[in-house]
Amino acid sequence: MKTLYITSESLASYQGPKYLAISHALRQAIKQGQVKENEQLPSARELAQQLKTNRHTIMAAYNELIAQGWINSKQRSGYFVASNLPINSSQPATKNNSSVNQDFKWNFVKTVTPTNEPVAASFQFNFAGGTPDISLFPFHEFKSFVNDAFARPQLAELNYGNVAGFSPLIEQVSHYLRRTRSLTDREIVITNGSQEALFILSQLLLSPANSVATEAMGYAPAWRSFQSAGTAVISIKQDENGMIPEELEQAITNQVTAGQPISVIYLTPLHQYPTTVTLPVDRRHAIYKIASQHNIAIIEDDYDHEYHYRCQPLAPMASDDPNGLVIYLSTFSKVMFPGARIGFMALDKTLAQAVTNYRSLINHKVSVPMQDAIARWMQAGSFERYLRKATKIYHQRRDFMNQQLIQYQERDIVESFTLPDGGMAMWVKVNQSAKALAKAALNNDIYIQQEAQFLLDKNQTSDRFIRLGFAGLTEENIEIGLQRLFDQKNA
Ligand SMILES: Cc1ncc(COP(=O)(O)O)c(C=O)c1O
C-alpha cells in the first residue's frame, strides 16, 4: 500500500476543518504525482494511523474528494485515484501532453517596460509618499452601504450603458466639488482611478506629433501613460515654488522649432509631486496665461486635495478657468485605498463626451456596486466624517515626523526639510547619497523613495533628497522606522 507524504505538520498550516486540510493535502499529492491515476490509496484506517487522527475524519476527506471527482470508491476494494482527473493542471505539464503550445511566438506591436520597482506595501516600514493608512478605513460602516447597494439595487444602472458613471455618485461628487473646491459647471466622469483618466487623455490628446510639458520631477505613472501615445515628455525646470513659467515659455518655443509643439501641461499644483510645495497664485496665473496664449491644455492632477493642515487649501486652477482649458482629475485612492479604483474627472462637455466615447472601447463602465456604495457613503455624511478623522490623524503624524526630523537635523543626518502645509509626505534633504540610503533601507525592511525616481532625466539628480510618507505609519513606526533608516550600518 502506498505511503503518502502527508505529515501532521503540513496539515497544521491549513486554516479550516481538519478533513478539508486532509483532502487539500491529498489533492496536492495527486497533482504532484505521488499517486497516479487508477492507483489505490491507503485505507481510511491506515491513513488515520499515519496522520494520528480519527478514521471518520479520513472518510470525510475521501468523500470530499469523491464529490470533487478526484477519487473513486470501489466496494470492498477501497479508494482509487480517478482515471479522469478534474483539471488538466493536475497532470504534470510536460511538453508532450501540455495543451499550451510553448513554441508560439508572439508578435507584440507594443511593449511596456516594467518599472521593476519593489512593492512598497510589502515592507514593514513603508514610507512611500502617497500611502494612506488603510487600517483607519471604516470597513464595518462602509459594509452597510455596500449591503444597501445590493439590498436596493438600481437594476437599470447594473446593466450596460451610462458609461460616464453612476448618476447618484456623479451627483454626490459634483456637490462635493462645488462645496469644497469651488468647482462648478463641469461634467463629471467617474474613472477607474486617475491612471485610467491619464491613459484616456493621452490617447485623445497626445501623439508623436506633439509633446507634453511637466516639471523636471514628477509622477512617473503619468509620464508612462503619455509616452504610450508616442509623445515626448518635456522636462521644465522647477524651483522651490514649482514649475518656472519662463522655462515653460522657452520650452514651448523650442518644441515648435523641433516640430513637436507642446499641447498639454501636466501639473500637480496643490502639492507638487514629489516636493510637496504649493504652486503660488502668481505662478498659476502666469502658467495659465501662457497656456491660453498657445492653446495648450492643462491637466490638473489634484490627487490629495483633502489633506491640508494649516488653512483652507488654494482652490484648484480649474475653479478659475475662463478659457475652459483645465482638465481636472482626482481620486478616491487616498481617501479610501488605492484598490478601490475610483477616480473622477471634472470636464467641459466636449471633452467629457470624447472621454466617455473612448472609455467605451476599453471598459463599459466603472463597477456600479462600488460607485453605489460610495454615493450612499457620501450622501450619509460618513465620507466627510471619516475624512475629518483621517485628516486629524495625518496632521498629528506630520507633526510627529517633523519633531523626529528636527532631531536628525540636530545630529546633521538630515540637512533640511520644509514642513508641508498638506499632503501625505515630506521632501527631505539628507547628508548622504539618497540612492544608497534607499537601497540599503530595502534590506532593513524599509521602503523610501529617492530623488532619481522622480526625475525625467535621472542624470540630473543631486542624490540628496528622499521622500518620506507620514500618513501610512503610526507614530511608533515612524520613530522606529526612521531610527532604523538612519542608523543602518550599510547606508
Ligand atoms: C500624482 C498622483 N496622481 C494620481 C495618483 C493616484 O492614482 P490612482 O487614482 O490611479 O490610484 C497618485 C497616487 O500616488 C499620485 O501620486
Side-chain angles (χ1 to χ4, degrees), residues 115 117-121 126-134 137 165 169 173 177 188-203 212-226 228 233 238 242-243 264-279 298-307 313 316-318 326-346 355 359 362-363 366-367 370-371 374 390 394 420 422-427 447-451 453-456 467-472:
T115 60
E117 293 276 339
V119 180
N126 175 14
F127 284 99
T131 310
D133 186 342
I134 299 174
F137 186 75
L169 181 59
V173 169
L177 291 182
I188 305 297
V189 178
I190 308 294
T191 61
N192 290 283
S194 308
Q195 197 58 32
E196 187 188 60
L198 289 164
F199 179 77
I200 294 173
L201 293 170
S202 307
Q203 298 303 307
V212 52
T214 80
E215 283 134 328
M217 279 190 283
Y219 185 54
W223 304 337
R224 285 161 63 80
S225 258
F226 303 150
S228 76
V233 181
Q238 65 187 91
M243 183 179 276
V264 171
I265 303 166
Y266 170 73
L267 289 173
T268 47
L270 186 60
H271 301 131
Q272 202 274 330
Y273 187 95
T275 61
T276 77
V277 295
T278 300
L279 191 65
I298 295 175
I299 297 179
E300 179 175 28
D301 182 352
D302 203 9
Y303 59 102
D304 64 356
H305 190 100
E306 287 78 7
Y307 301 123
M317 291 176 79
V326 181
I327 301 167
Y328 183 81
L329 52 104
S330 193
T331 179
F332 279 89
S333 288
K334 313 294 174 190
V335 289
M336 290 181 73
F337 37 82
R341 302 317 304 142
I342 302 282
F344 52 89
M345 291 197 255
V355 165
R359 216 261 290 290
I362 53 172
N363 208 339
V366 175
S367 164
M370 189 52 139
Q371 293 187 71
I374 295 176
Y394 293 172
M424 305 162 86
M426 296 212 197
W427 187 242
Y447 180 81
I448 60 164
Q449 296 163 301
Q450 49 86 22
E451 191 182 349
Q453 280 171 273
F454 305 109
L455 276 162
L456 248 179
R467 184 167 149 97
L468 292 175
F470 52 77

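Here the structure is a predicted model, which means the values were calculated and not measured. Each ligand, and each atom within it, is numbered from 1 in the order the structure gives.
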_If you measure every N or O of T331 against every N or O of ligand 1, does any of those distances drop under 3.5 Å?_
yes
Do side-chain atoms of Y303 reach the backbone of S333 as a donor and acceptor pair under 3.5 angstrom? no
key: Geometric cation-pi criterion, R467 with Y273: 6.0 Å, 45°   = yes
Note to self: Measuring only between side-chain heavy atoms, which start at C-beta, is W427 closer than 4.5 Å to M217?
What the structure shows: yes
*Quick one: does Y266 get an N or O within less than 3.5 Å of an N or O on ligand 1?*
no
Practice prompt. List the steps and the verdict of side chain to side chain contact (heavy atoms under 4.5 Å, CB included) for I265 and M243.
Written response: CA-CA 10 Å; I265 303 166; M243 183 179 276; 4.0 Å; yes
Query raised in the report: Judged by non-hydrogen atoms, does K334 sit under 4.0 Å from ligand 1?
Result: yes
query = Side chains of D302 and Y328: do they bring a donor and an acceptor to under 3.5 Å?
reply = yes
In ligand 1, the atoms that come under 4.0 Å of a heavy atom of R341 are 8 (P), 10 (O), 11 (O)
min-distance protein heavy atom vs atom 12 (C) of ligand 1 -> Y219 OH, 3.3 Å
_With respect to S194, determine whether any N or O atom, backbone or side chain, lies less than 3.5 Å from an N or O atom of ligand 1._
yes
Note to self: Any salt bridge linking E196 with R359? Criterion: basic side-chain nitrogen under 4.0 Å from a carboxylate oxygen.
What the structure shows: yes
Under 4.0 Å from one or more heavy atoms of Q195, ligand 1 contributes atoms 10 (O)
Among D301, L329, D302, closest by heavy atom to atom 3 (N) of ligand 1 is D301
- Message: Using a plain distance cutoff, I'd like to know if S333 has any nitrogen or oxygen under 3.5 Å from a nitrogen or oxygen of ligand 1.
- Response: yes
- Message: Determine whether a donor-acceptor pair (N or O, by modelled atom type, separation under 3.5 Å) exists between the side chain of Y307 and the backbone of K334.
- Response: yes
